[in-house]
Amino acid sequence: MLDAIKRAAAEDDGSVNPHYLDHLVATAEQREIEATEDIVSGSGVKLLARGSKISASQRERLLQHKLQKPLEHCLGLSEGIAPQRLSALAQALMQRHPLLLQLCQHERARPAAESLGQLPLSQPLQALLTVYAQHGPDRLEHAVGVALAALGLARRLLPGDIEGHRLLARAGLLHDVGELYLQPEYLRRDLPLHAEQWRHLVSHSIISHRVLSGIAGGGPALADLVISHHERLDGFGYPQGLRGEAQLGLPAQILAAAEWLVGLMESGASAVVHASIATKLIPGEFGSGLLEELRRVSLACAGPNALPDEAASLADALPKVVRVAAVLRSFRASRELIDARMAYASPALRRMLELLLHRMQQLQTSFSSAGLDTGAPATVFGELVAEAGQVKVETVSLVREFSWRMRELERESLMRASQFSAEDQALLQGLIDTLKADLSPS
């Protein structure tokens, strides 16, 4: 058992999570949620009888006790998310996103939207998904998108494994339920997160694993998939930093790639062009067979020849390319200093820094290959976007991808370092400050 999962299990002392309970009570105001069995405290006191309705009146009593069985394992609802709603939402997403539609095309299989609507879910899983859907206006859409992408990839890469396809679709629907247990402030997208806050946020996949491991309709296979939805093959994912196909098998890679693809679609960028570009920037994130399938799907899908809002897109991309070029310039100039400072790092931090520097070198190579690595990146960017049609779209998508990966590298590095000593954290912050030294205040 991995350390991260052990720590999560140790922290699970039977107490009711107040954030999950708040979401549950809010959902109960719109749908009837009831206990499917007696809810009993650790000392044997019956707190709620089977069939009791959940409401705000029980909140304080539930928080005062540790339970013999997790609360979410004991709940059901008379009217969960209807299969027709899942199918309709899946169909709408495929119509909106050509990449998703192309990914789910499979001539010998039941239509993906129909398969998703017929996916068997136990009462506790139905209740959990329903509460998750109420947690934000776009949450169910995100879950259905990831489930569709995972199902489409599974049918292409794991042909004939029907149970594996269903497992991946369920994992897609439920992969983010751990967010229900986090302080809501950590989930706000309009606020920057510091390292300690980010550490809490990325724990959502560990929490999802804990919740799904023992729940009816869940189990270890589902939980082990879900905890891996932010992992990467080269070891720079989270929360476990899995590395190599022995640790991150193809099903887990499929779920991680599905989550990433849907994130692209939700960003508002051209997911078709973006996906084709992104698979080339960091080639070690997923296996070669999966990457090749993503490229095939992208090529088979007609991409847009124009930016949705050209003026805004170009205005957004120009400062990004300048900032990326400045960081890479600092990286080249400071490489000897970085190597020297690494000698003072602990073995754990040194391993993490080696991964970080490897990623930076890959970005440097890709930036140079794109022709943007010159003394005047803004001028080169202007020349490229002056071209008509697809060249302009690809250039803007490329710049967005570079900028996003730079931000993720810093955030993930600081998150990992939050587990190290104060000296190692200061060392890492100093290295990041060195790389950002040429950036002017934004």
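We use all heavy atoms of the structure for the numbers below, so side chains are in, but hydrogens, waters and symmetry mates are not. It should be emphasised that the depicted structure is a prediction, and the values quoted were computed from it without experimental measurement.
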Could you check whether any side-chain N or O of D176 sits under 3.5 Å from a backbone N or O of E179, counting only pairs where one atom can act as donor and the other as acceptor? no
Give a yes or no on whether the backbone of L77 and the side-chain of E32 come within a donor-acceptor separation of less than 3.5 Å. no
Nearest 0.5 Å please: distance from the CG atom of L173 over to the CG atom of L128. 11.0 Å
To the nearest 0.5 Å, what is the distance between CG on L363 and NE2 on H358? 10.0 Å
Within the distance-only criterion (no hydrogens, no angle test), does the side chain of S228 pair as donor or acceptor with the backbone N or O of E231 below 3.5 angstrom? no
Regarding E163 and R166, does a basic nitrogen lie under 4.0 Å from an acidic carboxylate oxygen? yes
Within the side chain of S334, is there an N or O that forms a donor-acceptor pair under 3.5 Å with the backbone of T434? no
Would you check if the side chain of Q253 reaches a backbone N or O of L248 as a donor-acceptor pair within less than 3.5 Å? yes
Does the R359 side chain pair with the main chain of L409, one donor and one acceptor, at a distance under 3.5 Å? no
Using side-chain heavy atoms (C-beta onward) and a distance below 4.5 Å, is Y181 in contact with R210? yes
Is a side-chain donor or acceptor of S122 paired with a backbone partner of A216 at a separation under 3.5 angstrom? yes
Would you check if the side chain of H165 reaches a backbone N or O of L158 as a donor-acceptor pair within less than 3.5 Å? yes
Quick one, R110 with Q118, criterion side-chain hydrogen bond (donor to acceptor under 3.5 Å, both in side chains). Give me CA distance, side-chain angles, the key distance, then yes/no. CA-CA 11 Å; R110 177 183 296 166; Q118 296 183 359; 2.5 Å; yes
Lys/Arg-Asp/Glu bridge criterion (N-O < 4.0 Å) met for E336, R341: no
Please walk me through it: do S366 and R405 pass side-chain hydrogen bond (donor to acceptor under 3.5 Å, both in side chains)? CA-CA 12 Å; S366 298; R405 287 184 180 276; over 6 Å; no
Can a donor-acceptor pair be found, under 3.5 Å and without considering hydrogens, that links the side chain of S208 to the backbone of H175? yes
Go through it in stages, so that I can follow the logic: the residues are E354 and R351, the test is salt bridge (Lys or Arg N to Asp or Glu O under 4.0 Å), and I'd like the CA-CA distance, side-chain angles, deciding distance and then a yes or no. CA-CA 5 Å; E354 287 169 353; R351 285 193 296 272; over 6 Å; no
Looking only at heavy atoms, the pair that brings L116 and A90 closest together is CD2-CB, 4.1 Å
Is the NZ or CZ atom of R323 both under 6.0 Å from the centre of the six-membered ring of F402 and within 45° of that ring's axis? no
Examine distances only and state if a side-chain atom of H230 and a backbone atom of G237 form a donor-acceptor pair shorter than 3.5 Å. no
Check F286 against L291 and note the closest heavy-atom contact, atom names and distance. O-CD1, 3.5 Å
What's the shortest heavy-atom distance between L148 and C104, and which atoms? O-SG, 3.5 Å
